[in-house]
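Computation of the quantities below employed the complete heavy-atom set of this structure, encompassing side-chain atoms and omitting hydrogens, waters and symmetry-equivalent molecules. Letters A, B, ... are given to chains in the order of the sequence lines, protein chains preceding strands, and every chain is numbered from 1.
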Protein chains: 2
Amino acid sequence: MATIGDVAKAAGVSRSTVSYALSGNRPISRETRDRIDAAITQLGFTVNAGARALATSQTMVLGLLLQFHDDEFPPAMLQYILAVSDAARELGYDILMVTDTDGPGAIRRITSSNRVDGVVLLDVTHDDPRLDALRAARQPGALVGLPGDTAGLDVFDLDFEASARLLVDHLHGLGHREIVVVSPPRHVFERGGAYAWRFRDAAVERAAGYGIRVHCHHGESQQPAIERSLNAILDERREATALIVHNDASIAALPGVLRERGTVVPRDLSVVSLYSRDFGRTFLLPYTAVETSPDGLGREAVQHLVRRIAEPDYAPSVVGLIEPKLSDRGSTA
Amino acid sequence: MATIGDVAKAAGVSRSTVSYALSGNRPISRETRDRIDAAITQLGFTVNAGARALATSQTMVLGLLLQFHDDEFPPAMLQYILAVSDAARELGYDILMVTDTDGPGAIRRITSSNRVDGVVLLDVTHDDPRLDALRAARQPGALVGLPGDTAGLDVFDLDFEASARLLVDHLHGLGHREIVVVSPPRHVFERGGAYAWRFRDAAVERAAGYGIRVHCHHGESQQPAIERSLNAILDERREATALIVHNDASIAALPGVLRERGTVVPRDLSVVSLYSRDFGRTFLLPYTAVETSPDGLGREAVQHLVRRIAEPDYAPSVVGLIEPKLSDRGSTA
DNA sequence: CTGAAAGCGCTTACAG
DNA sequence: CTGAAAGCGCTTACAG
């Protein structure tokens, strides 16, 4: 394995000159640069990342903290992972992906050992136990998901309250007077998935303002309970003319359920939801929906994090709530 | 940030003694050990991973190379990712996840810079361009997916040929004489997804031995094409009494399609497939199937890789084809 | 435009 | 049982 010393010897220069040629941090004469380049390609030299990290205190690695919960739906999680990874790479960073059950411990482990320059937390909950560990770390972090206390943290999420209002407004504009909201499973609320109640409560409040009746239910996360619960809800709420589904697993299963029941959308029932375009193509989801863009969220988190790494005080902590956009697919009447 | 020198000073010993206390590589007296432990907790010391890596030439990081193709189904990929990550962690390794479009380049980048001690390649194809880069690397690798040339590589995969035979035997035993095989999308074959033709060809051959007629078709990877193609296949092959579905996207969509057609399984049609238990629960899949266990595969790849890192020559290269197991869910008659 | 040297934070023979 | 020292492969003031 060739080192910078080997290159220096082969090129007949000092190690520092090779280093500067590599970094471009000082002018190098045409000829020496050529000799160094030749030596590098001839020896197949690559900088040792660990040694460089030790010398510069920069690892060029970002930690990605995630944990897969049983009540989540795999496709959405993968979209976030890929978005974060791709965005990081474009900025020159690699991703250390950590899936420990012990989130705070994992943060401590990778930050205190200086394995990473910053961390991205996925799926942040209201009282996320990882946040104390993050605040105690030398490295900055970026969250995807809104915690109760955002002090000192860079946070990114869809604006679920605005999303709820947008969907309720849409249904109200079409004259609906009685609607059903299918929220994430109860367990998501219990473990502090704030997006769940932020959406639901905002929907309820907005509907109340219009005098619309709202019935709130929970979806399930595993088959066959998903279909069973949807059927039970639809049986119980026959008067409702519209359905707002805020749950990936439920919306993915909905087409099958409605087909079985002989319910035609939007003739018999209007349906709106929240999901990404890709998600809608993986499944067969022809519903008017708020576009969730995990891609955009992941990118934004990474970009801010990298900025924060470079300039810790470039701005006070930012809370970026992405404004919802409606994709009208004609599933409402 | 406390260093090993700070700990040494606080404990009144030399840096080497602290280092040995940390590694346990030589006996330390009771008292000095206690003083060192006290200093460590008081200073909140953690070993700098980069410095240790530089000194030991061990990063305790494994590269995970993956690339998400449009013709893949997200849930399965996530299962592999989590399995590899969890298995690595249990063995003391972290995961550097790399999703570059340029796979060979990514391998070169992380291996030649000594960022990792070994790499796991997911989704290996027949002529995988990453293999040359892997063979040229200092670090060993473990593949998930069977390439055409396995020389010098540790490879793990489900035995798709045995799986095909198992399913055909099962159907033959029940008296089926005309069956349909739904393979992965055409594009998977074109990019060298060997599992696709290994399964199909073995099924065809086995069926021929029994005098069973087989009709081979391709599934699709994106809705609404998935449903459309399934309907087209079922329309065209009304004489067939059994369906073998070797494609995640198609099997996930099948229940809806059959419901719509009023086809009852197994009364009107027998159905068998290949998928993992978790996958069957995410969707509503009540079909007799070969258990694919991405979990087990991921673990095995990691375990062998770690073994290979520790003892490069502990064995000649291994090709581990996992024997298929059938989960009978009563979808055949 | 270039070099010699110190330093990043560890580990590990070598000596006692 | 413990310490002084060299070395891992880089970067970067400091000097010329």
Side-chain angles (χ1 to χ4, degrees), chain A residues 1-37 39-40 43-61 92 109-117 138-139, chain B residues 1-37 39-40 43-61 92 109-117 138-139:
Chain A
M1 205 192 61
T3 73
I4 208 171
D6 300 328
V7 174
K9 205 172 298 170
V13 297
S14 72
R15 298 191 304 152
S16 57
T17 301
V18 176
S19 178
Y20 283 115
L22 249 27
S23 65
N25 280 342
R26 83 179 179 191
I28 309 278
S29 79
R30 182 75 197 147
E31 304 118 73
T32 42
R33 176 178 294 284
D34 286 347
R35 287 214 309 282
I36 290 173
D37 286 349
I40 286 176
L43 295 171
F45 168 78
T46 312
V47 171
N48 180 302
R52 172 174 280 177
L54 184 58
T56 62
S57 306
Q58 284 208 107
T59 63
M60 298 310 282
V61 174
R109 182 164 55 79
I110 66 173
T111 57
S112 67
S113 64
N114 262 317
R115 265 197 194 293
V116 297
D117 294 335
R138 276 183 293 289
Q139 298 92 331
Chain B
M1 206 193 63
T3 73
I4 209 172
D6 299 328
V7 175
K9 206 172 299 170
V13 298
S14 73
R15 298 190 304 152
S16 56
T17 301
V18 176
S19 178
Y20 282 115
L22 249 28
S23 65
N25 280 343
R26 82 179 179 190
I28 309 277
S29 79
R30 182 76 197 148
E31 304 118 73
T32 43
R33 177 178 293 283
D34 286 346
R35 287 214 310 283
I36 290 173
D37 286 348
I40 285 176
L43 296 170
F45 167 78
T46 312
V47 171
N48 179 302
R52 171 174 281 178
L54 184 57
T56 61
S57 305
Q58 284 209 106
T59 63
M60 297 311 282
V61 174
R109 181 165 54 80
I110 66 174
T111 58
S112 67
S113 64
N114 263 315
R115 265 199 193 294
V116 297
D117 295 335
R138 277 182 292 289
Q139 298 91 332

Can any side-chain N or O of Arg115(A) pair as donor or acceptor with the backbone N or O of Arg109(A) at less than 3.5 Å?
no
What residues in residues 13-26 of chain A put a non-hydrogen atom under 4.0 Å from any atom of DNA chain D?
Arg15(A), Ser16(A), Ser19(A), Tyr20(A), Asn25(A), Arg26(A)
With a 4.5 Å heavy-atom cut-off, do Leu22(A) and Ile4(A) have their side chains touching?
yes
If every non-hydrogen atom of Ala51(B) is compared with every non-hydrogen atom of Leu54(A), which pair is closest and at what distance?
CB-CD1, 3.8 Å
Please list, in numerical order, the residues of residues 3-10 of chain A that have a heavy atom closer than 4.0 Å to any atom of DNA chain C.
none
Go nucleotide by nucleotide along DNA chain D from the 5' end; which of Arg33(B) and Val47(A) gets its closest nucleotide reached first?
Arg33(B)
Under a 3.5 Å distance rule, please check whether Asp117(B) uses its side chain to pair with a backbone N or O of Gln58(B) as donor and acceptor.
no
What is the distance from atom CE of Met1(B) to atom OG of Ser57(A), rounded to the nearest 0.5 Å?
7.0 Å
Please report the shortest heavy-atom distance between Thr59(B) and Asn114(B), naming the atom on each side.
CG2-O, 3.2 Å
Nearest 0.5 Å, what's the CG-OG distance between Asn25(A) and Ser16(A)?
12.5 Å
Between residues 48-55 of chain A and DNA chain D, which residues have a heavy-atom gap below 4.0 Å?
Asn48(A), Ala51(A), Arg52(A), Leu54(A), Ala55(A)
Starting at the 5' end of DNA chain C, which residue's closest nucleotide do you reach first, Ala2(B) or Ile28(A)?
Ile28(A)
Name the nucleic acid region contacted by Ser113(B), choosing base, sugar-phosphate or nothing; use a 4.0 angstrom heavy-atom cut-off, strictly under.
nothing
To check you understand the geometry: which heavy-atom pair defines the closest contact between Val18(B) and Val7(B), and what is its length?
CG1-CG1, 3.8 Å
For DNA chain D, which nucleotides open and close the run of contacts to chain A, 5' to 3', at under 4.0 angstrom from a non-hydrogen atom?
dG9(D) to dC14(D)
So, for Phe45(B) and Thr3(B), which heavy atoms are closest and what is the spacing to 0.1 Å?
CE1-C, 3.5 Å
Closest approach of Ala2(A) and Asp6(A), non-hydrogen atoms and distance?
CA-OD2, 3.3 Å
Residue pairs passing the salt bridge (Lys or Arg N to Asp or Glu O under 4.0 Å) test where at least one lies in residues 14-31 of chain A, sequence neighbours excluded:
Arg30(A)-Asp34(A)
Listed range with range, the stems formed with DNA chain C by at least 3 consecutive Watson-Crick or G-U pairs (under 3.5 Å) are C:1-3 with D:14-16, C:5-12 with D:5-12, C:14-16 with D:1-3
Determine the minimum heavy-atom distance between Asn48(A) and Gly50(A), stating which atoms define it.
OD1-N, 2.9 Å
